[in-house]
Amino acid sequence: MGLIVAANPLGQMIFSPLFGWWSNKIGTIRLPLLCSLALFTFASGLYSSLEMRPDHVKYWMLISRFLIGVSSANIAVCRSYLSAATRLSERTKAVSMVSLAQVLGFIVGPGLQTAVTPLGNDGYSFLWGFIVFNMYTACGWINVLMSIGNFIMFLPGLFEVV
């Protein structure tokens with residue numbers, strides 16, 4: 001159990017410097033962010049469909065948690081970009097807002113989990129049973145939808161790299 005809990009921060013710890021190096025090497029944050037968002041979407045979908053993999057489910061959970069950690073390594077790139085894209089007079093407020101958003105995610109997450117408990121163990125099935133939306137999987141599928149929205153917002157034409 002401890003290894004599964006540690007997989008997320010381990011992935012972030014290993015890949016934060018690599019995402020930073022990659023972003024500096026290519027001179028833009030768009031590709032690292034898009035790749036990390038695509039990885040987050042995949043890993044959240046994998047995590048949400050664990051019950052479809054009854055054999056070796058703990059290994060699938062370990063892999064999905066590690067990949068979610070790898071995808072969250074983009075926070076270093078985001079903060080670096082934020083520091084470069086803001087004036088000194090507005091930087092403190094901008095960094096504070098990013099920190100606030102991150103903290104709100106930690107607060108809203110458990111509240112969201114509580115809100116979906118009325119779905120119960122069975123919940124609803126979509127796409128011929130491929131997507132099971134119950135109290136255990138709902139938050140993961142909501143993550144998938146939100147990360148697709150984030151991916152779209154970082155596409156050229158919607159997000160301009162300064």
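All values reported here derive from a predicted model rather than from experimental measurement.
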Distance (rounded to the nearest 0.5 Å) between [X] [atom1] and [Y] [atom2]:
X: Tyr81; Y: Arg30; atom1: OH; atom2: CZ; value: 8.5 Å
X: Ile63; Y: His56; atom1: CD1; atom2: NE2; value: 11.0 Å
X: Ser80; Y: Ile29; atom1: OG; atom2: CD1; value: 8.5 Å
X: Cys78; Y: Phe19; atom1: SG; atom2: CZ; value: 10.0 Å

Could you identify which residues cluster with [X], counting Ile, Leu, Val, Met, Phe, Trp and Tyr as linked when any side-chain heavy atoms lie under 4.5 Å apart, either directly or through a chain of such contacts?
X: Leu145; answer: none
X: Val103; answer: Ile107
X: Leu82; answer: Ile75, Val95, Val98

Could you state whether [X] and [Y] fall into the same hydrophobic cluster, counting links through intermediate Ile, Leu, Val, Met, Phe, Trp or Tyr residues with side-chain heavy atoms under 4.5 angstrom apart?
X: Leu3; Y: Leu10; answer: yes
X: Val70; Y: Ile14; answer: yes
X: Phe106; Y: Met146; answer: no
X: Ile68; Y: Val108; answer: no

How close do [X] and [Y] get, counting heavy atoms only, and between which atoms?
X: Ala115; Y: Pro118; result: O-CD, 3.2 Å
X: Trp60; Y: Asp55; result: CD1-O, 3.8 Å
X: Thr86; Y: Ala94; result: CG2-CB, 4.0 Å
X: Phe151; Y: Leu34; result: CE1-O, 3.3 Å
X: Ser72; Y: Gly69; result: OG-O, 2.8 Å
X: Ile4; Y: Leu62; result: CA-CD1, 4.0 Å

Pairing residues for Met153 by the side-chain contact (heavy atoms from CB on, under 4.5 Å) criterion, not counting sequence neighbours: Asn150

side-chain contact (heavy atoms from CB on, under 4.5 Å) against Ile26, all qualifying residues, sequence neighbours excluded: Trp22, Thr28, Leu31, Pro32

Residue pairs involving residues 89-115 (criterion salt bridge (charged side-chain N to carboxylate O under 4.0 Å, His left out); sequence neighbours excluded): Arg87-Glu90

Ser36: partners by side chain to side chain donor-acceptor pair (under 3.5 Å), with sequence neighbours left out: Asn74

Residues which pass side chain to side chain donor-acceptor pair (under 3.5 Å) with Gln102, listed by chain and number, not counting sequence neighbours: Arg79

Selection residues 105-116 - residue pairs positive for side chain to side chain donor-acceptor pair (under 3.5 Å), sequence neighbours left out: none

Under 3.5 Å donor-acceptor pairs involving side-chain atoms of residues 37-49, not counting sequence neighbours:
residue: Thr41; atom: OG1; partner: Leu37; partner atom: O; Å: 2.8
residue: Thr41; atom: OG1; partner: Ser147; partner atom: OG; Å: 2.6
residue: Ser44; atom: OG; partner: Phe40; partner atom: O; Å: 3.0
residue: Ser48; atom: OG; partner: Ser44; partner atom: O; Å: 2.9
residue: Ser48; atom: OG; partner: Trp141; partner atom: N; Å: 3.2
residue: Ser49; atom: OG; partner: Gly45; partner atom: O; Å: 2.9
residue: Ser49; atom: OG; partner: Leu46; partner atom: O; Å: 3.2
residue: Ser49; atom: OG; partner: Arg53; partner atom: NH1; Å: 2.8

Pair Phe15-Leu18, side chain to side chain contact (heavy atoms under 4.5 Å, CB included): steps then yes or no: CA-CA 5 Å; Phe15 281 86; Leu18 296 175; 3.8 Å; yes

Which pairs of donor and acceptor atoms, one on a side chain in residues 131-140, lie under 3.5 Å apart (sequence neighbours left out)?
residue: Asn134; atom: OD1; partner: Tyr136; partner atom: N; Å: 2.9
residue: Asn134; atom: OD1; partner: Thr137; partner atom: N; Å: 3.0
residue: Asn134; atom: OD1; partner: Thr137; partner atom: OG1; Å: 3.2
residue: Asn134; atom: ND2; partner: Asn121; partner atom: O; Å: 3.0
residue: Tyr136; atom: OH; partner: Asn121; partner atom: OD1; Å: 3.0
residue: Thr137; atom: OG1; partner: Val132; partner atom: O; Å: 2.4
residue: Thr137; atom: OG1; partner: Asn134; partner atom: N; Å: 3.0

